[in-house]
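Report on one structure; see the data block that follows.
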Amino acid sequence: MKSVMPFLMFQDGQAEQAMNYYTTIIEDSSIINIVRYGENEAGDEGTVMHAIFKLKDQEVMCIDSNIAHQFNFTPSFSFYLNCDTAEELRVVYEKLVDGGTELMPLGDYGFSQQFAWINDRFGVSWQINLP
């Protein structure tokens with residue numbers, strides 16, 4: 001086995017937009033590789049057939065689904081971010097919650113200094129923590 005990594009399947013051609021968004025929010029992140037559908041291929045031309053991006057040291061694979069599914073992302077899978085400072089947490093939280101939904105608003109829940117759980121504008125779930 002070579003590796004294990006999270007895999008995100010986007011619908012409506014949002015994979016590249018999401019990757020660009022995430023890599024600007026989380027420092028030391030980048031898009032590693034994008035393979036796009038070409039003319040007369042199974043997906044819409046120009047959308048993401050396969051991509052890998054990195055958030056800090058975690059590689060994530062994603063695609064734009066060329067099949068309409070009856071499911072999407074669920075909060076039962078989330079990215080968990082441990083922030084170093086309250087300012088870092090606030091900045092990341094404000095960017096990820098913009099256009100998204102709060103599942104647990106930013107606050108002190110007793111297990112950390114500050115914590116929030118949100119679904120971002122793409123439906124991906126994030127837990128943001130200040131230990």
Relative to the ring of Phe111, is the ring of Tyr109 parallel (under 30°), tilted (30 to 60°) or perpendicular (over 60°)? parallel
Does the separation of the ring centres of Phe73 and Phe77 fall below 6.0 angstrom? no
If hydrophobic clusters are built from ILVMFWY residues whose side chains come within less than 4.5 Å, do Leu8 and Met61 share one? no
Contact between Met1 and Val4 at the side-chain level, heavy atoms closer than 4.5 Å - yes or no? yes
In this structure, would Ile118 and Leu55 fall into the same cluster of hydrophobic residues linked by side-chain contacts under 4.5 Å? yes
Do Val60 and Met49 belong to the same hydrophobic cluster, where Ile, Leu, Val, Met, Phe, Trp and Tyr are linked whenever their side-chain heavy atoms lie under 4.5 Å apart, directly or via other members? no
Report, as yes or no, whether the 6.0 Å neighbourhood of atom CG on Asn33 holds more than 12 heavy atoms from other residues, nucleotides or ligands. yes
Atom of Lys54, atom of Thr23 and distance for their closest heavy-atom approach: O-CG2, 4.1 Å
Where the side chain of Asp64 meets the backbone of Ala15, is there a donor-acceptor pair that is under 3.5 Å apart? yes
On a heavy-atom basis, the closest approach of Ile52 and Glu59 is CG2-OE1, 4.1 Å
Working to the nearest 0.5 angstrom, can you tell me the gap between Lys95 NZ and Arg121 CZ? 11.0 Å
Heavy-atom pair with the smallest gap, counting every atom of Cys62 and Phe10: CB-CE1, 3.9 Å
Do Val92 and Phe115 belong to the same hydrophobic cluster, where Ile, Leu, Val, Met, Phe, Trp and Tyr are linked whenever their side-chain heavy atoms lie under 4.5 Å apart, directly or via other members? no
Shared hydrophobic cluster for Val124 and Tyr80 (ILVMFWY, side-chain gaps under 4.5 Å): no
Do Glu41 side-chain atoms and Gly38 backbone N/O form a donor-acceptor pair below 3.5 Å? yes
Test item: Asp12 side-chain N/O and Gln14 main-chain N/O as donor-acceptor pair under 3.5 Å: no
For residues Tyr22 and Trp126, establish whether the separation of their ring centroids is below 6.0 Å. yes
Using atom types as modelled and distance alone, determine if a side-chain donor or acceptor of Asp120 lies under 3.5 Å from a backbone N or O of Gly123. yes
Is any NZ, NE, NH1 or NH2 atom of the basic residue among Arg36 and Glu16 found under 4.0 Å from an Asp or Glu carboxylate oxygen of the other? yes
Can you see whether Ser65 engages Gln11 through a side-chain donor-acceptor pair at a distance of less than 3.5 angstrom? no
Does Asn20, at its CG atom, have more than 12 non-hydrogen atoms belonging to other residues, nucleotides or ligands within less than 6.0 Å? yes
Do Ser125 and Thr74 come within less than 4.5 Å of each other through their side chains, counting heavy atoms only? no
If you define the side chain from C-beta out and look only at heavy atoms, does anything of Ile32 sit under 4.5 Å from Phe53? no
Can you see whether Ser112 engages Asn129 through a side-chain donor-acceptor pair at a distance of less than 3.5 angstrom? yes
Side chain of Gln113, backbone of Leu130: donor and acceptor closer than 3.5 Å? no
